[in-house]
Number of protein chains: 2
Amino acid sequence: MPRTLTLAIAQSGPVQKADSREATLDRLCVMLRDAAQQGADVVVFTELALTTFFPRWYAEDRAEMAHWFETAMPNPNTQRLFDLARELGVGFYLGYAEQTPQGQHFNTSIIVDKTGNIIGKYRKVHLPGHADFDPERSFQHLEKRYFEPGDLGFPVWASDGFGVPANLGMCICNDRRWPETFRVMGLQSVELIMLGYNTPSQNSQAADESIELRKFHNRLTLQAGAYQNATFVAAAAKCGNEDGHHMFAESCIVAPTGELLAVTKTEEDEVILAQIDLDDTAFGKVSVFDFARHRRIEHYGLITEQTGATPPKSI
Amino acid sequence: MPRTLTLAIAQSGPVQKADSREATLDRLCVMLRDAAQQGADVVVFTELALTTFFPRWYAEDRAEMAHWFETAMPNPNTQRLFDLARELGVGFYLGYAEQTPQGQHFNTSIIVDKTGNIIGKYRKVHLPGHADFDPERSFQHLEKRYFEPGDLGFPVWASDGFGVPANLGMCICNDRRWPETFRVMGLQSVELIMLGYNTPSQNSQAADESIELRKFHNRLTLQAGAYQNATFVAAAAKCGNEDGHHMFAESCIVAPTGELLAVTKTEEDEVILAQIDLDDTAFGKVSVFDFARHRRIEHYGLITEQTGATPPKSI
């Protein structure tokens with residue numbers, strides 16, 4: 001029996017600093033309903049979906065940023081998204097800023113099943129940017145200031161929470177540039193990886209880098225990750241102009257062949273869908289990317305032995 | 001001072017089973033001379049450049065295949081390629097089938113400097129295909145029968161053998177589909193990765209897989225490997241119709257941004273060139289892919305702990 005799912009991306013247009021959490025939640029609920037009416041089994045929202053991309057703003061005192069974080073999930077503001085998911089019978093992926101009871105801060109995402117229950121949590125491992133104010137940059141990217149690196153690894157969940165048995169994984173934004181992200185999940189037989197991203201259209205350290213090149217890098221890393229691990233990938237942008245800072249869109253659904261199945265056309269709130277069959281991940285996993293037959297871990301040691309690059313070993 | 005190199009690809013058209021080693025060597029010498037006249041500092045030849053892609057032919061008795069292997073390098077047949085390189089002052093990368101004095105067989109490549117000296121050797125780690133005759137396939141791909149997996153890892157050489165100081169790496173064909181290949185060299189600060197490939201235009205296990213998809217996978221993996229490790233990549237095909245078996249072309253030179261700098265247009269012997277500045281690898285290595293700041297090896301353990309995929313750890 002085919003394991004078909006109708007997979008939706010709910011791309012977010014810009015969320016301004018002044019926008020209320022409630023208004024932003026309204027927009028997500030509208031898209032959840034829209035996707036469900038089009039038959040979606042699962043809706044992928046973006047990274048930090050409830051707020052503006054606040055790591056672009058510097059605060060000497062980190063405590064000034066506390067109001068961007070969720071201290072519980074669900075909470076009185078987001079409960080209605082969970083309730084609506086249960087009512088409509090649709091699961092979702094959601095990114096948000098998490099503050100733990102111990103006061104730790106993470107860039108977090110969750111998978112919620114069709115009954116509105118959280119079945120998995122992920123915390124962003126690859127935080128881009130920097131921790132201190134950097135006067136050399138054309139704008140700030142302070143994820144390393146406001147978040148700790150994720151401490152949950154890259155779990156994969158075997159779940160039928162979206163209606164059919166599936167191996168589900170998550171990552172967030174900059175994680176997609178790292179092949180290690182995809183491979184660790186590939187080694188756990190992942191079939192669908194969901195992620196959100198907020199990616200500036202300019203490189204704060206290279207004014208001449210074109211937006212087209214930056215969009216290409218987005219597609220390249222998502223398509224390579226999908227192909228090299230024979231998995232579907234669903235990536236949802238927050239995009240458009242947030243308080244003068246532009247982020248590109250191009251949210252997409254990628255097949256295990258690396259081919260694009262659907263791409264957004266706007267830089268606004270937009271829902272796109274694709275019907276996928278999770279069994280389409282099988283061929284890659286038993287042929288070119290049959291890891292058991294082809295990987296040679298005896299030659300991969302440096303990948304886990306050393307963090308940074310070193311000079312060449314041979315002369 | 002910029003570290004500029006004129007980098008050439010010498011793509012090989014088909015080499016038939018009946019073609020003599022001497023005639024094939026003639027063709028490589030013609031291309032070496034052509035590239036040198038256009039100012040090349042280094043010429044990248046293909047995988048198994050001296051012979052047809054013999055792993056498509058099954059032999060019950062492996063000894064029947066002995067004549068495809070080189071027992072020394074250089075040897076009386078190939079010496080004139082080394083001599084010509086020295087005369088012209090151009091380095092090269094060359095792939096060939098290697099038989100060691102102990103009788104081991106490898107799919108091997110070498111880097112030769114401008115004085116005709118071998119400065120590095122690599123043996124293909126990721127052997128595709130299968131070891132025994134497979135009646136289910138539309139054609140055979142017996143690399144796992146005729147070669148042992150490479151035992152030299154993925155070394156990177158710091159060398160000025162091409163005229164400027166450069167960190168040089170190699171891989172071969174199917175290695176390019178594996179992000180581990182690029183990452184292990186990236187962790188050794190590689191700046192230029194050279195490779196050759198013989199890639200069938202059909203998937204022997206999936207008749208409906210299009211040649212366009214297969215070409216896309218070639219570009220995708222080369223471009224992702226270059227971008228994610230901020231390195232140049234130069235990939236040379238053997239292509240066209242070898243005894244009824246078609247292989248695609250699209251040899252290319254890729255920038256550290258992942259962008260294509262040059263792509264071949266034919267399926268014949270063809271030389272393409274690009275002038276590159278090795279210092280263009282620096283920006284990626286100190287920004288998005290500054291491994292020391294961004295990699296999180298504590299979460300990569302599975303990559304070196306387990307070879308094959310296992311079921312998900314979480315439910």
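The basis for the numbers below is simple: all heavy atoms, side chains too, and nothing from hydrogens, waters or symmetry mates. Chain naming here is simple, since letters A, B, ... match the order of the sequence lines and numbering starts at 1 in each.
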**Listed partners of B:I297 passing side chain to side chain contact (heavy atoms under 4.5 Å, CB included), at least two apart** = A:T307, B:R295, B:Y300

**Prompt:** Do side-chain atoms of B:T231 reach the backbone of B:P256 as a donor and acceptor pair under 3.5 angstrom?
**Reply:** no

**Request:** Tell me, for B:K144 versus chain A, whether the close heavy atoms (under 4.5 Å) come from the side chain, the backbone, both or neither.
**Result:** side chain

**Request:** Please check if the side chain of A:Q228 supplies one atom and the backbone of B:R177 the other of a donor-acceptor pair under 3.5 Å.
**Result:** yes

**Item:** Best-contacting candidate, A:Y227, A:F182, A:F291, against chain B by heavy atom pairs under 4.5 angstrom
**Value:** A:Y227

**Complete:** Whatever's closer than 4.5 Å to a heavy atom in chain A on B:F289 counts as both

**Message:** Is B:D151 close to chain A through its backbone or its side chain, or both, or neither, when contacts mean heavy atoms under 4.5 Å?
**Reply:** backbone

**B:S189 side chain to A:T310 backbone, donor-acceptor under 3.5 Å** = yes

**Asked** Given a strict heavy-atom distance threshold of 4.5 Å, which part of B:L168 is in contact with chain A: side chain, backbone, both, or neither?
**Response** neither

**Item:** Options B:L302, B:L187, B:N203, ranked by heavy-atom pairs under 4.5 Å with chain A, top entry
**Value:** B:L187

**Message:** If you count heavy-atom pairs within less than 4.5 Å of chain B, which of A:H217, A:Q306, A:R296 leads?
**Reply:** A:H217

**Message:** Just so I understand: if I count every heavy-atom pair under 4.5 Å between each of B:Q223, B:K285, B:E259 and chain A, which residue has the most?
**Reply:** B:Q223

**Message:** Using the salt bridge (Lys or Arg N to Asp or Glu O under 4.0 Å) criterion, which residues pair with A:R293? Sequence neighbours excluded.
**Reply:** A:D290

**Asked** Which answer fits B:E305, side chain, backbone, both or neither, if we ask what part of it has an atom under 4.5 Å from a heavy atom of chain A?
**Response** backbone

**Asked** Non-hydrogen atoms of chain A under 4.5 Å away: do they reach the side chain of B:P149, the backbone, both or neither?
**Response** side chain

**Message:** Give me the atom names and distance for the closest heavy-atom approach of B:Q202 to B:F139.
**Reply:** O-CZ, 3.4 Å

**Region of B:V288 in contact with chain A, defined by heavy-atom distances below 4.5 Å** = both

**Message:** Any carboxylate oxygen within less than 4.0 angstrom of a Lys/Arg side-chain nitrogen, looking at B:E180 and B:R183?
**Reply:** no

**Per-residue contact mode, B:L213 against chain A (heavy atom under 4.5 angstrom)** = side chain

**Donor on one side chain, acceptor on other, A:N107 and A:E47, under 3.5 Å** = yes

